[in-house]
Engineer: 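Mind having a look at this structure? Questions to follow.
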There are 2 protein chains.
Amino acid sequence: MKATTEDTLGKSGTFQDKPAQFPTTQINGAPLKPITQVLLDRRATPHFKSNPVPQEYLEAILHFAGQAPSGFNLQPWRFVVVRDREARHRLQKAALNQSKVSEAPVVIIAFAVKDEWKMRMDAIFDEGVRRGANDAGIVEMQKASATKFLGSFPPAVWLNRHTMIALTTMMLVAEAYGLDTAPMEGFDADAVRREFSLPLESEVIALLAIGFGKGPDKAYGGRLVLNEFVSKEHYGGPWTGQ
Amino acid sequence: MKATTEDTLGKSGTFQDKPAQFPTTQINGAPLKPITQVLLDRRATPHFKSNPVPQEYLEAILHFAGQAPSGFNLQPWRFVVVRDREARHRLQKAALNQSKVSEAPVVIIAFAVKDEWKMRMDAIFDEGVRRGANDAGIVEMQKASATKFLGSFPPAVWLNRHTMIALTTMMLVAEAYGLDTAPMEGFDADAVRREFSLPLESEVIALLAIGFGKGPDKAYGGRLVLNEFVSKEHYGGPWTGQ
């Protein structure tokens with residue numbers, strides 16, 4: 001992306017439609033994995049082979065991430081795609097020296113820039129009016145309402161909330177295409193900002209390694225039963241399944 | 001879920017394996033939608049029919065949400081499933097009076113309880129040791145490391161980050177099963193806590209309505225082109241597709 005400045009926004013070419021072309025099979029030619037199989041197979045991959053992620057797959061993963069929903073359609077997620085070998089080694093150093101960061105052919109830095117939405121809002125709402133998603137008659141009122149709402153949050157909370165929708169989407173699309181992934185939150189945010197020229201006011205949210213797993217996965221650690229995290233009708237109402 | 005107390009944890013029945021039984025077709029009998037189609041079709045649904053979500057589908061959606069990855073496998077997401085008609089009307093009042101909240105047959109309140117991970121950690125790490133995911137010899141060191149790491153965050157940031165992985169999973173699984181959804185962040189968190197007996201120290205993160213959409217979707221508002229949210233190798237490095 002370009003460093004965001006007000007005069008690059010709202011020009012032609014800023015917005016696009018839903019993806020029209022994307023791979024419709026796994027990389028090995030097999031049918032896409034159903035999401036149920038994706039969720040059974042997905043593990044935080046400990047090691048990666050060096051095989052690259054085909055360009056058309058990476059593009060599709062990014063395009064689909066961009067289709068995530070967001071409050072007022074403000075799309076606050078930002079990604080730096082790191083593939084250069086030297087850059088992956090620098091990222092590894094900033095990420096607790098985890099070897100998978102330099103092993104994986106693609107590592108995506110997911111971040112968001114505090115208050116950037118204030119610069120984006122006019123262009124996004126105006127595009128909404130052009131497409132019939134916003135009503136020209138009340139769009140100024142909607143902007144005021146959005147500004148008030150967003151001002152009521154600690155910025156980091158709202159940015160994490162939304163960026164993780166796009167990151168999760170990316171992770172699951174990658175897995176459906178037959179790739180392996182590893183989401184990570186162990187890193188020195190200051191070092192990531194410095195090494196990858198992120199704005200000082202950015203919130204570094206997660207890393208996502210994408211590639212082809214090498215060697216065995218870590219053992220599955222189990223999950224809480226539904227009664228431990230789901231209630232019925234009110235907190236503490238036992239989830240009995242009915 | 002039961003209100004969490006230390007003596008309910010780590011007992012038999014707290015943990016489970018991956019889901020073994022779940023619906024393998026859409027509700028109407030058609031094959032599951034591939035995730036690419038899910039992401040093209042998914043919209044924030046403005047209105048819902050009253051038709052219920054079949055129990056086995058709702059259970060599967062919740063089970064798959066629970067498979068989401070989390071830091072140290074701590075699984076901080078908590079859900080209240082609201083189906084009772086009167087409860088949905090109370091939730092609507094706490095959620096800017098959005099009519100879809102009482103229209104949808106299921107609305108899930110996604111939240112997390114600050115510092116609850118401190119009570120869960122021993123049971124989760126011990127289960128990890130039983131399953132071979134943690135090494136008994138270093139598990140105390142791992143707990144100390146996790147405690148230090150989690151203490152370095154504003155709790156709301158970490159809880160939003162993780163709960164949104166599970167919420168996004170839930171949304172996409174529901175859509176793959178042929179359901180419609182609407183994620184919402186417009187609500188009065190104090191009112192939601194009060195009306196649904198959530199702990200005072202809980203972070204209310206999002207609502208997710210699930211059901212069958214009624215009437216036309218809102219027009220698609222467009223999305224930023226990749227160059228507006230993706231950089232190559234460093235912030236500002238134009239994403240040229242190569």
Side-chain angles (χ1 to χ4, degrees), chain A residues 1 3 13-16 18 22 32 34-36 39-40 44 59 62 64 66-67 69 71 73 75 77-82 84 87 127-128 131-133 156-157 160-161 164-165 168 172-173 176 183 185 196-198 218-219 221-236, chain B residues 1 3 13-16 18 22 32 34-36 39-40 44 62 64 66-67 69 71 73 75 77-82 84 87 127-128 131-133 156-157 160-161 164-165 168 172-173 176 183 185 196-198 218-219 221-236 241:
Chain A
M1 80 206 97
T14 304
F15 294 95
Q16 64 183 347
K18 295 179 185 187
F22 47 84
L32 282 181
I35 192 166
T36 45
L39 295 168
L40 294 175
E59 290 267 338
L62 293 164
F64 280 114
Q67 296 302 311
N73 198 26
Q75 309 163 60
W77 43 78
R78 302 290 175 261
F79 303 118
V80 173
V81 177
V82 181
D84 180 78
E127 181 73 7
R131 290 172 178 264
V157 167
N160 271 271
R161 183 181 293 172
M164 291 308 287
I165 308 177
T168 304
L172 299 182
V173 173
E185 58 172 352
F196 296 90
S197 310
L198 305 190
K218 194 176 151 184
R223 289 294 192 277
L224 296 170
V225 295
L226 288 195
N227 259 336
E228 296 287 338
F229 69 97
V230 181
S231 297
K232 195 170 70 168
E233 307 302 348
H234 61 87
Y235 181 69
Chain B
M1 81 207 96
T14 304
F15 294 95
Q16 63 183 347
K18 296 180 185 186
F22 47 84
L32 281 182
I35 192 166
T36 46
L39 296 167
L40 294 175
L62 293 164
F64 281 114
Q67 296 303 311
N73 197 26
Q75 311 164 58
W77 43 78
R78 301 290 175 262
F79 303 118
V80 173
V81 177
V82 181
D84 179 77
E127 181 72 7
R131 290 171 178 264
V157 166
N160 270 271
R161 182 181 292 172
M164 291 308 287
I165 308 177
T168 303
L172 299 181
V173 173
E185 59 172 352
F196 295 89
S197 311
L198 306 189
K218 195 175 150 185
R223 287 295 192 276
L224 296 169
V225 296
L226 288 196
N227 259 336
E228 296 286 339
F229 69 96
V230 181
S231 297
K232 196 171 69 169
E233 307 303 348
H234 62 87
Y235 181 69

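Being a predicted model, the structure only gives us computed values, none of them experimental. Below, chains carry the letters A, B, ... as their sequence lines are ordered, and counting in each starts from 1.
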Engineer: Within the 4.5 Å heavy-atom criterion, are B:L224 and A:F15 side-chain neighbours or not?
Structural biologist: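 SC-SC contact between B:L224 and A:F15 confirmed.
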Engineer: Name the region of B:L172, side chain, backbone, both or neither, that has any atom closer than 4.5 Å to a heavy atom of chain A.
Structural biologist: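 For B:L172, heavy atoms of backbone and side chain both lie under 4.5 Å from chain A.
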Engineer: Given a strict heavy-atom distance threshold of 4.5 Å, which part of B:P183 is in contact with chain A: side chain, backbone, both, or neither?
Structural biologist: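 The side chain, not the backbone.
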Engineer: With chain B as the partner, which of A:G71, A:P69, A:A219 has the greatest number of non-hydrogen pairs under 4.5 Å?
Structural biologist: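 Heavy-atom pair counts peak at A:P69.
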Engineer: Which one of A:T36, A:I35, A:L198, A:V173 has the most heavy-atom pairs closer than 4.5 Å to chain B?
Structural biologist: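 The option with the most such pairs is A:T36.
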Engineer: Suppose we screen for side-chain hydrogen bond (donor to acceptor under 3.5 Å, both in side chains). Which residues come up paired with A:E127, at least two apart in sequence or across chains?
Structural biologist: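 Partners of A:E127 under the side-chain hydrogen bond (donor to acceptor under 3.5 Å, both in side chains) test: A:R130, A:R131.
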Engineer: Go through the atoms of A:L39 and report whether side chain, backbone, both or neither lie under 4.5 Å from a heavy atom of chain B.
Structural biologist: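 Both parts, backbone and side chain.
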Engineer: Please determine, among B:G66, B:P34, B:G132, the option with the most heavy-atom pairs under 4.5 Å with chain A.
Structural biologist: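 Looking at each option in turn, the highest pair count goes to B:G66.
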Engineer: Looking at NZ of B:K18 and CG of A:L40, how far apart are the two atoms once the value is rounded to the nearest 0.5 Å?
Structural biologist: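 Reported value, rounded in 0.5 Å steps: 6.5 Å.
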Engineer: Do B:V82 and A:E233 touch side chain to side chain, with heavy atoms closer than 4.5 Å?
Structural biologist: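 The answer is yes; the side chains approach within 4.5 Å.
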Engineer: Which bit of B:N73 comes within less than 4.5 Å of chain A, counting heavy atoms only: side chain, backbone, both or neither?
Structural biologist: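 Only the side chain of B:N73 comes within 4.5 Å of chain A.
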Engineer: Is B:A156 in contact with chain A via its backbone, its side chain, both, or neither, using a 4.5 Å heavy-atom distance?
Structural biologist: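 For B:A156, the contact with chain A is made by backbone and side chain together.
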Engineer: Any sub-3.5 Å donor-acceptor pair from A:R161's side-chain atoms to B:N160's backbone N or O?
Structural biologist: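 Side chain of A:R161 to backbone of B:N160: no pair is present.
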Engineer: Could you have a look at B:E185, B:M164, B:R223 and say which one has the most heavy-atom pairs with chain A under 4.5 angstrom?
Structural biologist: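 Looking at each option in turn, the highest pair count goes to B:R223.
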Engineer: If you compare all heavy atoms of B:F229 against all heavy atoms of A:W77, which two are closest, and at what distance to 0.1 Å?
Structural biologist: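 Between these two residues, the closest heavy atoms are CB-O, 3.5 Å.
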Engineer: At a heavy-atom separation under 4.5 Å, does B:K218 approach chain A through its side chain, its backbone, both, or neither?
Structural biologist: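 For B:K218, the contact with chain A is made by the side chain alone.
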Engineer: Out of curiosity, A:L226 CG to B:F79 CZ, how far, rounded to the nearest 0.5 Å?
Structural biologist: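 Interatomic distance, A:L226 CG to B:F79 CZ, rounded to 0.5 Å: 10.0 Å.
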Engineer: Looking at A:A87, A:G222, A:A176, A:A44, which one has more heavy-atom pairs under 4.5 Å with chain B than the rest?
Structural biologist: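 Most heavy-atom pairs under 4.5 Å with chain B: A:G222.
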